[in-house]
Undergrad: 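Before anything else, here's the structure in question.
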Amino acid sequence: MSPWTSLVTVLALILYFVVTINVGRARFKYKIIPPDTTGNPDFERVLRVQQNTLEQLILFLPALWLFSIYINPIWASALGMAWIIGRIAYAWGYYQAAEKRGIGFAISSLSNIGLILGSLIGIILYLVKLPNT
């Protein structure tokens with residue numbers, strides 16, 4: 001268990017908690033009564049940030065830990081922090097306008113791809129090194 005990977009995990013969960021709280025705040029601000037999810041474009045962008053972050057988090061967390069185990073926890077944490085920074089940039093941009101989400105999406109997606117591919121390579125290398133039994 002790496003404290004660095006653990007820290008990045010907690011920071012990612014805090015980020016998700018914040019974007020979830022932002023949905024509640026936007027519901028109040030734009031008077032969108034649950035279970036409605038449409039009605040104001042500003043609210044819908046806030047909701048999409050939360051939904052997309054959840055979608056990405058499902059890929060991110062296992063890839064982060066697998067990379068940490070099979071490659072290196074420091075590099076996993078660095079890629080993980082890049083993912084978090086990308087998600088913050090994504091949220092910040094998307095809250096303003098849908099067209100401004102691209103850079104953040106690219107940063108977090110490239111981080112996720114690096115973690116996933118690195119994990120796959122690390123696992124394959126580990127399996128190749130196993131002695132034949």
Side-chain angles (χ1 to χ4, degrees):
M1 288 293 209
S2 167
W4 295 110
T5 310
S6 300
L7 177 62
V8 170
T9 298
V10 170
L11 292 175
L13 294 174
I14 290 169
L15 171 66
Y16 180 70
F17 185 67
V18 169
V19 298
T20 300
I21 287 172
N22 287 345
V23 173
R25 292 174 60 217
R27 278 190 182 283
F28 181 77
K29 180 178 180 179
Y30 301 113
K31 297 175 178 47
I32 307 294
I33 309 296
D36 292 346
T37 57
T38 60
N40 181 295
D42 295 327
F43 168 76
E44 291 170 17
R45 286 195 310 273
V46 173
L47 181 62
R48 276 304 303 147
V49 166
Q50 186 262 340
Q51 291 173 339
N52 189 267
T53 301
L54 178 60
E55 293 163 3
Q56 294 296 313
L57 198 60
I58 292 168
L59 296 171
F60 171 71
L61 288 174
L64 173 72
W65 280 94
L66 290 169
F67 192 104
S68 178
I69 292 165
Y70 288 98
I71 298 291
N72 182 286
I74 300 299
W75 283 106
S77 300
L79 284 169
M81 284 306 300
W83 184 88
I84 290 170
I85 291 165
R87 294 317 299 176
I88 291 168
Y90 172 84
W92 192 276
Y94 209 169
Y95 289 159
Q96 296 172 37
E99 304 79 39
K100 295 183 178 184
R101 72 189 193 276
I103 296 291
F105 186 82
I107 292 168
S108 59
S109 293
L110 290 172
S111 301
N112 247 350
I113 290 168
L115 289 168
I116 291 167
L117 291 178
S119 297
L120 179 63
I121 291 166
I123 292 166
I124 290 169
L125 290 174
Y126 178 83
L127 290 171
V128 167
K129 291 179 186 176
L130 280 179
N132 294 339
T133 55

Undergrad: Checking one residue: Ile14. Which other hydrophobic residues are in its cluster under the side-chain 4.5 Å linking rule?
TA: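 Answer for Ile14: Val10, Val18.
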
Undergrad: Check whether Leu11 and Trp75 end up in the same hydrophobic cluster, where Ile, Leu, Val, Met, Phe, Trp and Tyr are linked by side-chain heavy atoms less than 4.5 Å apart.
TA: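 Same cluster.
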
Undergrad: I'd like to check Phe43 versus Arg27 (side-chain heavy atoms, cut-off strictly below 4.5 Å). Are they in contact?
TA: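 Counting from C-beta outward, Phe43 and Arg27 do come under 4.5 Å.
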
Undergrad: Can you list everything that forms a side-chain contact (heavy atoms from CB on, under 4.5 Å) with Trp92? Sequence neighbours excluded, please.
TA: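 In terms of side-chain contact (heavy atoms from CB on, under 4.5 Å), with neighbours along the sequence ignored, Trp92 is linked to Gln96.
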
Undergrad: With a 4.5 Å cut-off on side-chain heavy atoms, are Val46 and Arg25 touching?
TA: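 No. Closest side-chain heavy atoms not under 4.5 Å.
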
Undergrad: Which residue is it: Val49, Thr38, Thr37? I am looking for the one with a side chain to side chain contact (heavy atoms under 4.5 Å, CB included) to Glu44.
TA: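 Checked Val49, Thr38, Thr37 against Glu44; only one passes side chain to side chain contact (heavy atoms under 4.5 Å, CB included): Thr38.
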
Undergrad: Between atom CG of Asp36 and atom CG of Leu47, what is the distance when rounded to the nearest 0.5 Å?
TA: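 Here the interatomic distance stands at 11.5 Å.
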
Undergrad: Is any side-chain heavy atom of Leu66 closer than 4.5 Å to one of Ile71?
TA: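 A side-chain contact under 4.5 Å is absent here.
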
Undergrad: Distance check, rounded to the nearest 0.5 Å: Ser108 atom OG versus Ile85 atom CD1?
TA: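 Output value for this atom pair is 11.5 Å.
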
Undergrad: Establish, yes or no, whether the cationic atom of Arg87 lies under 6.0 Å from the six-membered ring centre of Tyr90 and within 45° of the ring axis.
TA: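 Yes; both conditions hold, so Arg87 lies above the ring face of Tyr90.
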
Undergrad: Any luck finding a side-chain donor-acceptor pair between Trp65 and Thr9 under 3.5 Å?
TA: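 Present: a donor and an acceptor within the cut-off.
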
Undergrad: How long is the span from the CD1 atom in Ile33 to the CZ atom in Phe28, to the nearest 0.5 Å?
TA: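 It comes to 10.0 Å.
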
Undergrad: Any chance you could measure Glu55, atom CD, to Thr53, atom OG1, to the nearest 0.5 Å?
TA: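 Answer for the CD-OG1 pair, Glu55 versus Thr53, is 8.5 Å.
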
Undergrad: Any chance you could pull the hydrophobic cluster mates of Val128, using side-chain heavy atoms under 4.5 angstrom and chaining through other members?
TA: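 When side chains under 4.5 Å apart are linked, the cluster holding Val128 also contains Leu120, Ile124.
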
Undergrad: So with a 6.0 Å cut-off around OH of Tyr30, is the heavy-atom count from everything else above 12?
TA: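 It does: Tyr30 OH has more than 12 such atoms within range.
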
Undergrad: Under a 4.5 Å side-chain heavy-atom rule over Ile, Leu, Val, Met, Phe, Trp and Tyr, are Ile58 and Leu13 clustered together?
TA: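 Different clusters.
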
Undergrad: Does some side-chain heavy atom of Tyr95 sit less than 4.5 Å from a side-chain heavy atom of Asn22?
TA: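 Side-chain contact under 4.5 Å: yes.
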
Undergrad: Specify the closest pair of heavy atoms between Arg101 and Ala98, including all atoms of both residues, with the distance to one decimal.
TA: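 Distance-wise, the nearest heavy atoms are NH1-O, 2.8 Å.
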
Undergrad: Go through the side-chain N and O atoms of Gln56 and Asn112 and say whether any donor and acceptor fall under 3.5 Å apart.
TA: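 Yes, Asn112 and Gln56 have a side-chain donor paired with an acceptor closer than 3.5 Å.
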
Undergrad: Side chains of Ile88 and Ile84: closer than 4.5 Å at any heavy-atom pair?
TA: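 Contact flag for Ile88/Ile84 side chains = yes.
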
Undergrad: Measuring from atom CD1 of Ile69 to atom OG of Ser2, what distance do you get when rounded to the nearest 0.5 angstrom?
TA: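 So the gap between those two atoms works out to 10.0 Å.
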
Undergrad: Any heavy-atom pair between the side chains of Leu127 and Leu130 that's under 4.5 Å?
TA: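 Side chain of Leu130 against side chain of Leu127, heavy atoms only: contact under 4.5 Å found.
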
Undergrad: Kindly give the heavy-atom pair with the smallest separation between Ile116 and Ala63, and that separation in Å.
TA: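 That closest heavy-atom pairing would be CG1-CB, 3.7 Å.
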
Undergrad: Linking I/L/V/M/F/W/Y whenever their side-chain heavy atoms sit closer than 4.5 Å, directly or via other members, would Leu79 and Leu7 fall into one cluster?
TA: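 Result: yes, single cluster for both.
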
Undergrad: Hey, what do you get for CG (Leu61) to OG1 (Thr5), rounding to the nearest 0.5 Å?
TA: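 Result: 11.0 Å between the selected atoms.
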
Undergrad: Asn52 and Tyr94: side-chain donor and acceptor closer than 3.5 Å?
TA: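 Their side chains do not contain a donor-acceptor pair, so the 3.5 Å distance test is not met.
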
Undergrad: Is there a side-chain contact between Val8 and Phe60 (heavy atoms, below 4.5 Å)?
TA: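 Val8 reaches Phe60 side chain to side chain.
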
Undergrad: Is there a side-chain contact between Trp83 and Leu57 (heavy atoms, below 4.5 Å)?
TA: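 They are in contact (side-chain heavy atoms under 4.5 Å apart), so the answer is yes.
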
Undergrad: With a 4.5 Å cut-off on side-chain heavy-atom distances among I, L, V, M, F, W and Y, is there a chain of contacts connecting Phe67 to Ile123?
TA: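 No, no single cluster joins them.
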
Undergrad: Taking the side chain from Ser68 and the backbone from Leu64, do they hold a donor-acceptor pair closer than 3.5 Å?
TA: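 Pair absent, no side-chain N/O of Ser68 close to backbone of Leu64.
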
Undergrad: Consider only side-chain heavy atoms of I, L, V, M, F, W and Y, link residues closer than 4.5 Å, and tell whether Ile121 and Leu59 are in one cluster.
TA: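 They do not share one cluster, since no chain of ILVMFWY contacts under 4.5 Å joins Ile121 to Leu59.
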
